[in-house]
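Heads up, the thing below is written out as structure tokens.
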Amino acid sequence: MAAEDAFRPTSEFLRTFEERGYYQAATDLAALDETLSEGVTPGYIGFDLTAKSLHVGSLVQIMMLRWLQKCGHKPIVVMGGGTTKIGDPSGKDEARKMLTPADIEANKAGIRRVFEKYLSFGDGPTDAIMVDNADWLDQINYIEFLRDYGRHFSVNRMLTFDSVRLRLDREQPLSFLEFNYMLLQAYDFVELNRRYGCRLQIGGSDQWGNIVNGTDLGRRVEQVELFGLTTPLLTKSDGSKMGKTAQGAIWLDAELLSPYDFWQFWRNTSDADVGKFLKLFTELPIEECERLGALQGSEINDAKIRLANEVTTLAHGAEAAAAAEKTARETFEAGGAGADLPRHELADSDFDNGSIAAAQLFVKAGLAKSGKEAKRLIAEGGAKIEGETVGDPGEQIAESRFADGALKLSAGKKRHALVSRA
């Protein structure tokens, strides 16, 4: 890596990739830079269909595809309709839950909606395309696949890759099914090159072994030079993973997480992460990202609002970002309810003899995952209804209190919701 550390790319995409903090490693950085400088280079990232949407833990990959397109190249979004049936062992302690074909199709539809916000799809040279690896993986004849491709993989080498070695070091089972995943991902790269001229695969650093297998397979069976490019696995300054919070995943789909809650996640970024996140998740110039990230004291809050607005605009549109900021100001500065706060309706079945327990009300509002968590919130003095602290988790909230409209519930200073009667 010493030679790569001294190398300064000339292609716009790799310069952007490096300046904004995406770069971790490449299979051949100089040759990739030359290829990117010569013309439109198709590149892909694969996404397994294990959930109804993607969360912000995948946002680095999405932004890399966006920058690839902005720099004049062709993004290929690969939906893992085939590989999802096996499950990627990378970074996992146990095998993934098996999904039905119907589950996979439903998840694909939700994930597709996310990408429509970030990429321009079409038939032009730099328009993005979305493909499903089930189109070719479902057609594989196992004996032919082993004969034509299996002989190019060394089990000795595969055992050294982190996705396998770490699982074995922890003496956790790795099924033969999962072990085959890296063969199929390598084959994906070769098939994408055949079909679409794809030359580049991008992924997190945990995908390095899988990517290298693909570049090697392309050289062995097609005599073509393919390239791999990885980004560091992203963590926050406190060491926690992006996309995971005490309240759950920060989804990119407005049906799973409101734009307001999405905006609040970014507004609550720690001071130490502001500059880094501006570079990774917005399109602001590098100089502006660094200026905002260097602000101190109360001024850093302005930078956090800028971050929240920029990221929310990309994910949900400028109107949603403006509405979220307005609601936040009304809620926190003016003490109002905020028109864009998450709203929840209570059904007849939620009431018992005309009332509902305070702890259960906070669960229904999405401010606590369970009754136990709601009771802890109340015991710590963090639960409020219309600004009044709740002192007893068993306190009965009468149905009649909803007669004049929604009640505002607060969990701490930053999480709020409106609850009304259906």
Compare every heavy atom of Tyr260 with every heavy atom of Thr327, then report the nearest pair and how far apart it is. CG2-CE1, 3.6 Å

Is the closest side-chain heavy-atom distance between Val274 and Leu295 below 4.5 Å? no

Looking just at side-chain N and O atoms, do Gln185 and Asn213 make a donor-acceptor pair shorter than 3.5 Å? no

For a 4.5 angstrom cut-off between non-hydrogen side-chain atoms, does Asn107 reach Thr50? no

Residue Glu319 excluded, over 12 heavy atoms near CD under 6.0 Å: no

Closest approach of Ala320 and Pro259, non-hydrogen atoms and distance? CB-CB, 4.0 Å

Without swapping roles, check the side chain of Asp33 against the backbone of Pro9 for a donor-acceptor pair under 3.5 Å. no

Under a 4.0 Å N-O cut-off, is there an ion pair linking Arg15 with Glu12? no

Going by ring-ring contact (aromatic ring centres under 6.0 Å, His included), name the residues that satisfy it together with His316, two or more places apart in sequence or in a different chain. Phe262

Step by step, work out the side chain to side chain contact (heavy atoms under 4.5 Å, CB included) result for Val311 and Phe265. CA-CA 10 Å; Val311 181; Phe265 170 79; over 6 Å; no

Taking side chain as C-beta onward, heavy atoms only, is Leu234 less than 4.5 Å from Leu59? no

CD (Gln296) with more than 12 external heavy atoms under 6.0 Å: no

Can you tell me if Asn133 uses its side chain to pair, donor with acceptor, with the backbone of Asp188 under 3.5 Å? no

Count the heavy atoms belonging to other residues, nucleotides or ligands that lie under 6.0 Å from NZ of Lys276, then report whether that count exceeds 12. yes

Is there a side-chain contact between Trp263 and Ile305, using heavy atoms and a 4.5 Å cut-off? yes

Met64 CE to Thr16 OG1 distance, which is reported to the nearest 0.5 Å: 13.0 Å

Charged N to carboxylate O below 4.0 Å: is that the case for Glu288 and Arg306? yes

Classify the ring geometry between Phe17 and Tyr22 as parallel (under 30°), tilted (30 to 60°) or perpendicular (over 60°). tilted

Value for CD1 (Ile104) from CG (Leu49), rounded to nearest 0.5 Å, stands at 6.5 Å

Glu191 CD to Leu217 CG distance, which is reported to the nearest 0.5 Å: 11.0 Å

Roughly how far apart are Leu280 CG and Trp67 CH2, rounded to 0.5 Å? 11.0 Å

Do Thr389 side-chain atoms and Gly381 backbone N/O form a donor-acceptor pair below 3.5 Å? no

Using salt bridge (Lys or Arg N to Asp or Glu O under 4.0 Å) as the criterion, list what pairs up with Asp350, not counting sequence neighbours. Lys364

Could you tell me whether Glu287 and Arg291 make a salt bridge, using a distance below 4.0 angstrom between a side-chain N and a carboxylate O? no

Just by distance, do the side chain of Glu373 and the backbone of Lys369 share a donor-acceptor pair under 3.5 Å? yes

Which residue in the set Asp216, Asn193, Ile211 passes side-chain contact (heavy atoms from CB on, under 4.5 Å) when paired with Leu226? Asn193

At their closest point, which heavy atom of Gln61 faces which heavy atom of Ile45, and how far apart are they? O-CD1, 3.3 Å

Rounded to the nearest 0.5 angstrom, the CZ-CG distance for Phe115 and Leu252 is 9.0 Å

Check salt bridge (Lys or Arg N to Asp or Glu O under 4.0 Å) between Lys279 and all other residues, then give those that pass, not counting sequence neighbours. Glu290

Any residue meeting ring-ring contact (aromatic ring centres under 6.0 Å, His included) with Phe145, in chain and number order, not counting sequence neighbours: Tyr149, Tyr187

Considering only heavy atoms from C-beta outward, does the side chain of Ser205 approach that of Pro232 to under 4.5 Å? no

Does a side chain donor of either Asn309 or Trp266 reach within less than 3.5 Å of an acceptor in the other side chain? no

Provide the full list of salt bridge (charged side-chain N to carboxylate O under 4.0 Å, His left out) pairs with a residue in residues 60-82, sequence neighbours left out, each pair given once. Arg66-Glu283, Lys70-Glu283

Smallest heavy-atom separation, Cys198 atom then Tyr44 atom, equals SG-CD2, 3.7 Å

Evaluate Leu229 against Tyr23 for side chain to side chain contact (heavy atoms under 4.5 Å, CB included), listing each step before the verdict. CA-CA 8 Å; Leu229 188 62; Tyr23 180 74; 3.8 Å; yes

Please tell me if the side chains of Leu314 and Phe281 come closer than 4.5 Å, counting only heavy atoms from C-beta onward. no

Check whether any side-chain N or O of His73 sits under 3.5 Å from a backbone N or O of Thr41 as a donor-acceptor pair, and report yes or no. yes

Below 4.5 Å, heavy atoms only, C-beta onward: do Ile140 and Leu184 meet side chain to side chain? yes

Sequence neighbours excluded, every pair satisfying side chain to side chain donor-acceptor pair (under 3.5 Å) that has a member inside residues 111-130: Arg113-Asp253

Compare all side-chain heavy atoms of Phe362 with those of Val390 and state whether any distance is below 4.5 angstrom. yes

Donor + acceptor pair across side chains of Asn301, Ser298 (<3.5 Å): no

For a quick test of reading the model, state the closest non-hydrogen atom pair linking Leu256 to Ser53 and the distance between them. CD1-CB, 3.6 Å

Looking at Ala368, is its backbone amide N or carbonyl O close enough to the side chain of Ser370 to form a donor-acceptor pair, meaning the two atoms are under 3.5 Å apart? no

Test Leu200 against Thr35 for side chain to side chain contact (heavy atoms under 4.5 Å, CB included), laying out the working first. CA-CA 10 Å; Leu200 172 65; Thr35 299; over 6 Å; no

Does any N or O in the side chain of Arg20 come within less than 3.5 Å of the main-chain N or O of Thr282, such that one atom is a donor and the other an acceptor? yes

Can you list the steps and then say if Ile202 with Thr231 is a side chain to side chain contact (heavy atoms under 4.5 Å, CB included)? CA-CA 8 Å; Ile202 308 172; Thr231 186; 5.9 Å; no

Heavy-atom closest pair, residues Arg195 and Trp136: NH2-CB, 3.5 Å

Atom pair NE2 (His416) and CG (Leu409), whose distance is rounded to the nearest 0.5 Å: 10.5 Å

